[in-house]
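One structure is given below, encoded as structure tokens.
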Amino acid sequence: FFTPTAGKIGCIAKGAKRKKSAFLAPFDLLSIYDLIRIERRPGTLDILTKAERVRSFTKLREEYPRFVAGCYAADFVDQFAPEGQLIEGLYELLVAALERLESGVPVPDVVYSFEALSLRALGYLPRLRDCGVCRKAAAGPDLFFSVQDGGVLCPGCRPREQRWFPVRRTALECIARFGEGDMPKEPVKKSLVAEIRQILDACVLHHLERELSSARFLRNVITLGCP
């Protein structure tokens with residue numbers, strides 16, 4: 001479970017499959033529960049004594065692209081959040097993303113906003129407006145990006161090693177605004193969707209040293225242009 005007060009916690013639900021159980025229904029992904037648990041020592045599972053589902057986001061399951069996006073957001077939190085350590089605001093960001101997906105906000109807008117704000121909360125949001133090497137404002141429409149070098153790079157600071165890729169300043173600015181909490185009035189332009197995905201994928205891969213298991217499904221959904 002991912003909680004607003006204790007971060008990510010592991011629990012064991014003893015007797016959950018019995019006919020007479022304290023658990024009213026099977027546990028499901030992307031649902032909010034009211035839990036009662038017995039805390040154990042660090043490194044062991046807590047004992048779950050009662051769980052009542054209070055919200056299930058059922059509309060997410062009606063559209064495959066939105067369900068994929070919701071699973072990606074949950075996967076993101078699961079992999080980035082340390083066990084038992086609270087990351088301020090991360091729980092609220094996840095719930096807000098699920099709410100926006102259920103309400104019909106375009107999938108790329110929801111996911112990119114969630115990722116940018118979450119990376120900022122985690123302290124991993126790269127430099128997007130000033131060069132990661134010289135710290136000067138990144139000017140010009142065509143720039144470069146390298147997570148290892150701090151983020152955006154101006155043409156004069158492009159590293160010789162092949163650890164960078166070209167980006168447009170409009171894509172970087174879009175992520176920067178998402179990271180500030182701005183939601184666009186119009187959906188992200190299709191010409192920028194794949195480019196923004198490449199930047200955020202590079203950030204996740206760099207910090208986790210592996211790709212999220214749900215990333216391939218999300219890329220397929222976005223590439224197909226699903227709403």
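- The side-chain heavy atoms of Glu52 and Ile36, taken from C-beta on, include no pair separated by under 4.5 Å.
- Here Arg219 pairs with Glu211 in a salt bridge; the nearest charged N to carboxylate O distance falls below 4.0 Å.
- No donor-acceptor contact under 3.5 angstrom links the side chains of Asp28 and Ser56, judged on distance only.
- A salt bridge does not link Glu115 to Arg120: none of the charged side-chain nitrogens sits closer than 4.0 Å to a carboxylate oxygen.
- The shortest heavy-atom contact between Cys174 and Ile196 is SG-CD1, 3.7 Å.
- For Arg210 (side chain) and Leu208 (main-chain N/O), a donor-acceptor pair under 3.5 Å exists by modelled atom type.
- Taking a cutoff of 4.0 Å between a charged side-chain nitrogen and a carboxylate oxygen, Arg129 and Glu180 qualify as a salt bridge.
- Between the side chain of Arg216 and the backbone N or O of Leu212, no donor-acceptor pair lies under 3.5 Å.
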Step by step, would you call Arg61 with Leu30 a side chain to side chain contact (heavy atoms under 4.5 Å, CB included)? CA-CA 10 Å; Arg61 293 163 177 78; Leu30 308 182; 4.2 Å; yes
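- At a threshold of 4.5 Å between non-hydrogen side-chain atoms, the residues Tyr91 and Phe2 count as touching.
- In this structure, Glu102 does not pair ionically with Arg66, as no charged nitrogen and carboxylate oxygen lie closer than 4.0 Å.
- The shortest distance between side-chain heavy atoms of Phe80 and His207 falls below 4.5 Å.
- Looking at heavy atoms from C-beta onward, Leu143 lies out of side-chain contact with Pro166 at the 4.5 angstrom threshold.
- Looking only at distances, a side-chain donor or acceptor of Glu83 sits under 3.5 Å from a matching main-chain atom of Gly10.
- In this structure, Phe114 has its ring center no closer than 6.0 Å to that of Phe178.
- Contact check for Cys154 versus Lys136: no side-chain heavy atoms found under the 4.5 Å cut-off.
- When the shell of 6.0 Å around CZ of Arg40 is examined, it contains 12 or fewer heavy atoms from other residues, nucleotides or ligands.
- Closest approach of Leu86 to Pro4, counting heavy atoms only: CD1-O, 3.3 Å.
- A heavy-atom distance below 4.5 Å is not found between the side chains of Cys203 and Tyr124.
- A heavy-atom distance below 4.5 Å is not found between the side chains of Trp164 and Gln148.
- Residues Asp78 and Lys8 are paired through a salt bridge, judged by an N-O separation under 4.0 Å between the basic side chain and the carboxylate.
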Go through the steps for Arg177 and Glu173 under the test salt bridge (Lys or Arg N to Asp or Glu O under 4.0 Å), then give the verdict. CA-CA 6 Å; Arg177 291 182 179 179; Glu173 182 61 25; 3.2 Å; yes
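- Taking the side chain as every heavy atom from C-beta outward, Val54 and Tyr33 never approach each other to under 4.5 Å.
- In Phe1, the CZ atom is crowded: over 12 heavy atoms of neighbouring residues, nucleotides or ligands sit closer than 6.0 Å.
- Asp46 and Arg37 are joined by a salt bridge, as a carboxylate oxygen and a charged side-chain nitrogen come within less than 4.0 angstrom of each other.
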